[in-house]
K.L.:
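Structure below; questions to follow.
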Amino acid sequence: MQIYNTLTRSKQEFIPLNAPHVGLYVCGPTVYGDAHLGHARPAITFDLLYRYLTYLGYKVRYVRNITDVGHLEHDADEGEDKIAKKARLEQLEPMEVVQYYTNRYHHDMELLNVLPPSIEPHASGHIIEQIEFIKKILDAGYAYVSEGSVYFDVEKYAKDFHYGKLSGRNIEELYSETRELDGQQEKRHSFDFALWKKAAPEHIMHWPSPWSEGFPGWHLECSTMGTKYLGEQFDIHGGGMDLMFPHHEAEIAQSCAALGHDTVKYWMHNNMITIAGKKMGKSYGNFITLEQFFTGEHPLLSKPFSPMTIRFFILMAHYRSTVDFSSEALEAAEKGLERLTETYQRLQKLKPSQESTVDVKGLRERCIEAMDDDLNSPIVISHLFDSARAINTVFDGKETISEQDLKELQDTWHLFVEDILGLKMTQASSAVDSNLDAYRGAVDMLLNMRLEAKRQKDWTTSDNIRNQLTALGFNIKDTKDGFEWSL
RNA sequence: GGUACCUUGCCCGAGUGGUUAGGGACCGGUCUGCAAAACCGGGGACAGCGGUUCGAAUCUGCUAGGUACCUCCA
């Protein structure tokens with residue numbers, strides 16, 4: 001399988017360090033607000049990767065962190081911890097805020113059918129490890145203590161290692177790009193970043209350390225937790241493109257400084273979701289939360305969109321391309337998904353014949369080929385649509401399919417649609433199965449009555465049943481020898 | 001200002017130096033008591049201007065427009 005590695009800016013053959021084991025680390029959310037569409041992108045992208053690697057037979061340990069400390073608000077290191085700020089505003093315990101948004105994040109992810117990671121470490125739960133990590137960097141001589149805070153010495157590091165190799169930045173540029181230094185006198189250079197930050201008196205979240213009562217720097221948690229759970233060297237590190245610099249660059253620097261070598265073999269970055277051509281993000285305030293999509297409560301949304309529509313919409317574009325959101329584009333995705341879903345259901349009911357008159361061979365191979373090419377989900381989907389045409393033709397009775405071909409098609413569709421793309425094709429939950437059966441039986445009964453009326457050319461009764469069901473929100477479709485319905 | 005990237009048909013969105021991506025919308029047809037669905041067919045495209053080439057949307061140069069990162073951000 002080929003993976004695009006940001007480090008080399010090229011596609012590379014994926015070779016695990018310790019096959020069949022694969023270590024995958026992805027930057028998770030900062031839990032101080034509801035997840036928006038932008039958060040769904042990496043979650044779904046790396047869910048796809050996780051699912052595909054698993055399908056390939058790898059034993060994947062997937063670590064996705066929860067950031068609940070250390071992110072500073074405004075003006076670099078002068079600000080207030082984001083979570084603390086939110087807590088102050090809402091009069092809540094910081095950990096209460098963390099728990100609240102973590103729960104909501106999990107709920108959204110579950111709706112999107114994003115599999116939970118193997119380990120979901122919290123930054124706040126790894127303060128000790130982070131302190132130990134800082135000590136290593138200090139011992140190696142790549143950090144300095146100033147006024148109770150510890151800063152990473154980028155200049156020193158850049159003499160011994162390549163600082164900027166991920167983002168393509170070089171230290172000379174950083175010198176010239178020095179911004180307003182407001183209150184950053186503690187640091188030797190503006191581009192030095194905090195490993196440990198002394199807490200201001202009003203700061204609620206803080207922990208004891210050898211240097212001060214304070215909190216860890218933002219970039220540190222990923223270095224610490226990544227190496228803790230996946231080892232000093234692991235296979236893949238993922239995240240949004242906007243994290244490339246400074247976050248991931250700093251992470252590389254910290255790990256190299258502490259351990260003397262790189263930790264990550266493949267860096268993968270998903271592109272942004274845009275809205276009217278502009279990045280959807282917190283800073284622009286132009287984001288739409290996932291819940292708003294699900295309820296349709298947002299001025300830019302024409303209607304509610306199901307989680308699977310959102311998932312499909314994201315999978316219809318390659319993960320390294322920007323994807324421009326619009327209600328219109330979502331509606332198109334919704335219709336496409338509907339078509340796919342209907343075809344999937346028909347495929348389950350198809351009757352095999354002696355031989356196939358349609359060519360359905362090679363679907364699995366083509367889909368695998370697309371996935372092997374840096375997770376090209378749009379191509380997989382296009383193959384499925386091609387296949388859908390053949391399936392529908394058989395369904396219409398215009399062509400036939402052999403039992404063997406049918407089985408292969410059913411298996412392949414199940415594999416790619418449900419297992420790999422992660423598109424849920426049925427909403428039935430087992431808890432209400434008996435209720436559902438009764439209700440389905442009732443609708444079937446009505447439609448069978450309609451069928452009988454049709455047979456007797458009693459169009460009045462027939463149309464009456466259909467119209468009333470339609471008014472209730474049912475979708476009735478006549479087929480060759482019966483009917484189909486959906487809500 | 002620095003760095004990187006993008007510009008594909010009405011819309012979304014893939015892709016390769018030479019042959020139809022796919023989806024949505026639209027138009028025509030088949031099927032059907034009607035409707036819906038499905039199937040078949042259709043039109044239209046590679047920002048602009050040069051260069052390399054037998055041939056470029058695909059490589060290269062310039063121009064125009066846009067975006068991202070450089071600060072919290074998925």
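FYI, side chains are in, hydrogens and waters are out, and symmetry mates aren't considered; it's all heavy atoms of this structure. By convention in this document, chain letters (A, B, ...) are assigned in the order of the sequence lines, proteins followed by strands, and residues within each chain are numbered from 1. Owing to the predicted nature of the structure, the values given are computational and were not obtained by experimental measurement.
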K.L.:
Just say parallel, tilted or perpendicular for the rings of A:His248 and A:Trp267, cut-offs at 30° and 60°.
P.N.:
tilted

K.L.:
Is A:Arg339 near enough to B:A36 that one of its side-chain N or O atoms lies under 4.0 angstrom from OP1 or OP2?
P.N.:
no

K.L.:
Give the ring-plane orientation class for A:Phe152 versus A:Phe193, where under 30° counts as parallel, over 60° as perpendicular and anything between as tilted.
P.N.:
parallel

K.L.:
Using a heavy-atom cut-off of under 4.0 Å over every strand shown, decide if A:Asp478 touches base, sugar-phosphate, or nothing.
P.N.:
base

K.L.:
Does the pair A:Asp374/A:Lys11 count as a salt bridge with the N-to-O cut at 4.0 Å?
P.N.:
no

K.L.:
Over all strands shown, is A:Met280 touching base, sugar-phosphate only, or nothing at heavy-atom distances under 4.0 angstrom?
P.N.:
base

K.L.:
Any side-chain N or O of A:Ser167 under 4.0 Å from OP1/OP2 of B:A4?
P.N.:
no

K.L.:
Within the structure shown, what part of the strands sits under 4.0 Å from A:Met272 by heavy-atom distance: base, sugar-phosphate, or nothing?
P.N.:
base

K.L.:
Just wondering, more than 12 heavy atoms not from A:Glu365 lying within 6.0 Å of its CD?
P.N.:
yes

K.L.:
Which part of the nucleic acid, if any, lies within reach of A:Val26 when heavy atoms closer than 4.0 Å are counted: base, sugar-phosphate only, or nothing?
P.N.:
nothing

K.L.:
Quick one: is B:C34 close enough that its OP1 or OP2 comes under 4.0 Å of any side-chain N or O from A:Lys454?
P.N.:
no

K.L.:
When all nucleic acid strands are considered with a 4.0 Å heavy-atom cut-off, which category describes A:Gly277: base, sugar-phosphate, or nothing?
P.N.:
sugar-phosphate

K.L.:
Quick one: is B:C39 close enough that its OP1 or OP2 comes under 4.0 Å of any side-chain N or O from A:Asn392?
P.N.:
yes

K.L.:
Whether A:Tyr284 contacts B:A68 is assessed here as follows: a side-chain N or O lying under 4.0 Å from the phosphate OP1 or OP2. Is that the case?
P.N.:
yes

K.L.:
Measure from the ring centre of A:Trp459 to the centre of the six-membered ring in the base of B:G33, then say whether that distance is under 5.5 Å and the planes meet at under 30°.
P.N.:
yes

K.L.:
Give A:Asn271 one of three labels, base, sugar-phosphate or nothing, depending on what nucleic acid heavy atoms sit under 4.0 Å from its own.
P.N.:
base

K.L.:
Answer with base, sugar-phosphate or nothing: what part of the nucleic acid does A:Asp463 contact at a heavy-atom distance below 4.0 Å?
P.N.:
base

K.L.:
Using a heavy-atom cut-off of 4.0 Å across all strands, would you classify A:Lys282 as base, sugar-phosphate, or nothing?
P.N.:
sugar-phosphate

K.L.:
Look at all strands and tell whether A:Leu330 reaches a base, only sugar-phosphate, or nothing, counting heavy atoms closer than 4.0 Å.
P.N.:
nothing

K.L.:
Against the six-membered ring of A:Tyr319, is A:Arg41 placed for a cation-pi contact (under 6.0 Å from the centre, within 45° of the normal)?
P.N.:
no

K.L.:
Got a donor-acceptor pair under 3.5 Å from the side chain of A:Arg466 to the base of B:A35?
P.N.:
yes

K.L.:
Quick one: label A:Ile476 by what it contacts on the DNA or RNA (base, sugar-phosphate, nothing), any heavy atom closer than 4.0 Å.
P.N.:
base

K.L.:
Using the C1' atom on both, measure B:G22 against B:A36 and round to a whole Å.
P.N.:
24 Å

K.L.:
How would you label the contact of A:His36 with the nucleic acid (heavy atoms, under 4.0 Å): base, sugar-phosphate, or nothing?
P.N.:
base

K.L.:
Looking only at side-chain N and O atoms, does A:Lys278 come under 4.0 Å of OP1 or OP2 in B:A68?
P.N.:
yes

K.L.:
Between A:Arg9 and B:A4, is there a contact of a side-chain N or O with OP1 or OP2 at under 4.0 Å?
P.N.:
no

K.L.:
Using the side-chain heavy atoms of A:Ile379, tell me which of these nucleotides is nearest: B:A38, B:A14, B:G13.
P.N.:
B:A14

K.L.:
Remember a base hit wins even if backbone is also touched, and classify A:Ser462 as base, sugar-phosphate or nothing at under 4.0 Å, heavy atoms.
P.N.:
base

K.L.:
Heavy atoms from C-beta onward define the side chain here; which of B:G33, B:G22, B:G23 lies closest to that of A:Ala332?
P.N.:
B:G23

K.L.:
Round to the nearest Å and state the distance from A:Lys335 atom NZ to B:G24 atom P.
P.N.:
9 Å

K.L.:
Within the 4.0 Å heavy-atom criterion, would you say A:Thr393 contacts the bases, only the backbone, or no part of the nucleic acid?
P.N.:
sugar-phosphate

